[in-house]
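Comments concern the structure below.
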There are 2 protein chains.
Amino acid sequence: MRLSTKGRYAVTAMLDLALNGKNGPVTLAEISENQGISLSYLEQLFAALRNKELVRGVRGPGGGYYLGKSADDISIANIICAVDEWVEFTRCGGRQNCSGGARCLTHTLWDDLSSEIFNFLANISLGDLVRRNLNKKEDEESSLSVVANADSQAA
Amino acid sequence: MRLSTKGRYAVTAMLDLALNGKNGPVTLAEISENQGISLSYLEQLFAALRNKELVRGVRGPGGGYYLGKSADDISIANIICAVDEWVEFTRCGGRQNCSGGARCLTHTLWDDLSSEIFNFLANISLGDLVRRNLNKKEDEESSLSVVANADSQAA
DNA sequence: TATTTACCCAGTAAATCACTTGGTAATTAG
DNA sequence: CTAATTACCAAGTGATTTACTGGGTAAATA
């Protein structure tokens, strides 16, 4: 698993798309404006996302991008793997020169940990994040006029 | 959170240290040999780990590295943060130009997800991984002479 | 004293990041 | 039909990171 800033850009952009794409497609120009990501870099990211059919583009005026499938069917792991190209870390592949002996022990341990992290991210969907955001909004609305705690998030 | 190959090298090396350091220090040369990581690169990584007091070096013949504290007190997040330098992703910091409006929504969403991933890795210790490995060894010993399933992990 | 280790620093080819520039193709509005 | 708007595509680029080589010095042991 690889989780770099590139993957973060992709996740952030997809979140933007999920939140703003309820009624009609969202242009890359909008996402670029919203998230402060350069248009061409977004194009690169969305080319990868399109290849994995996580988004669907519509050309012409009024065009833009839709999610390729339901937000509940797109996991964070899906997004990151689309743009970040899963790299196999251990060169031994499990059964090469270092298999059997104590040599490869940490390799398999890392592989276990790695797939655990992957499963963790695979179990969080875009839909989850959107719903989480809606809940937060409800919380804020039900406890309005409480603006003083803007500083209490530094911890 | 940033999870690159560099962090993986560090985690793998620390795992090696935790497994082989039961009786006496482990030299970087051994870890280099075991894990196929160049000696000088290990030195760089261990300089960072030493700064965070995750390892303790002993010079001279018979020297090497000890864990800086109990394996149970070293989390995977500790290790990765030591070598990979936590980078704040959202430039807005939560209350800059894009605060309030819908603009920063995905930023805070990402921050939530990010800290969730961090907590996940913070709750896995080196000790956990070592014990996981011991359990696996016991399993293998209790079900010996079953070697045929070496291919069944391709999926 | 010689060896072994950690420790330190400068440099480097290759890759990656995030971006710019300059297009072409499809679709819609006028 | 024309012009505008969007996705789509490709080449290049400075800055940074990666993983490494090579050159040391400092401390500890045999």
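This is a predicted model, so every value here is computed, not measured. Residue numbers begin at 1 in each chain, while the letters A, B, ... track the order of the sequences.
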Original post:
How close or far is atom P of D/dA7 from atom CG of A/Asn51, stated in whole angstroms?
Top reply: 16 Å
**OP:** Figure out the CG/P separation between A/Leu3 and C/dC17, and round it to whole Å.
**Re:** 12 Å
**OP:** Could you check how far OH of B/Tyr66 sits from P of C/dC7, rounded to whole Å?
**Re:** 13 Å
**OP:** Please report, rounded to the nearest Å, how far the C1' atom of D/dC8 is from the CG atom of A/Leu28.
**Re:** 10 Å
Original post:
Quick one: do the A/Thr108 and A/Asp111 side chains pair a donor with an acceptor below 3.5 Å?
Top reply: no
Just the atom pairs and distances: protein N or O near nucleotides 25-30 of chain D's N or O, under 3.5 Å.
from, atom 1, to, atom 2, distance (Å)
D/dA26, N3, B/Arg59, NH1, 3.4

Original post:
Would A/Ile124 and A/Ile117 show up in the same hydrophobic cluster when neighbours are defined by side-chain heavy atoms closer than 4.5 Å?
Top reply: yes
Original post:
Between B/Arg56 (CZ) and C/dT5 (C1'), how many Å, whole number?
Top reply: 15 Å
Original post:
Any idea how B/Tyr9 and B/Tyr41 line up, ring-wise: parallel (<30°), tilted (30 to 60°), or perpendicular (>60°)?
Top reply: perpendicular
Original post:
Tell me: CD1 of B/Ile37 to P of D/dT21, nearest whole Å?
Top reply: 13 Å
Subject >> Protein-nucleotide distance (A/Tyr41, atom OH; D/dG14, atom P), rounded to Å >> reply: 18 Å
Subject >> Atom pair CG (A/Asn20) and CG (A/Leu15), whose distance is rounded to the nearest 0.5 Å >> reply: 10.5 Å
Original post:
Is the backbone N or O of A/Ala13 less than 3.5 Å from a side-chain atom of A/Asp16, with the two atoms forming a donor-acceptor pair by type?
Top reply: no
Original post:
If you draw a 6.0 Å radius around CD in B/Glu116, do more than 12 non-hydrogen atoms from other residues or ligands fall strictly inside?
Top reply: yes
Original post:
If only side-chain N and O atoms of A/Thr5 are considered, is one of them under 4.0 Å from the OP1 or OP2 phosphate oxygen of C/dA18?
Top reply: yes
Subject >> Plane angle bin for A/Phe120 and B/Phe120 - parallel if under 30°, tilted between 30 and 60°, otherwise perpendicular >> reply: parallel
**OP:** Among C/dA18, D/dC20, C/dA6, find the nucleotide with the atom closest to the side chain of A/Lys6.
**Re:** C/dA18
Original post:
Roughly how many Å is it from CG in A/Leu45 to P in C/dC19, rounded to a whole number?
Top reply: 10 Å
Original post:
Any sub-3.5 Å donor-acceptor pair from B/Ser32's side-chain atoms to B/Ile37's backbone N or O?
Top reply: yes
Protein-nucleotides 8-15 of chain C N/O pairs closer than 3.5 Å?
from, atom 1, to, atom 2, distance (Å)
C/dC8, N4, B/Glu43, OE1, 3.1

**OP:** Work out which heavy atom in B/Leu3 is nearest to a heavy atom in A/Trp110; give both atom names and the distance.
**Re:** CD1-CH2, 4.4 Å
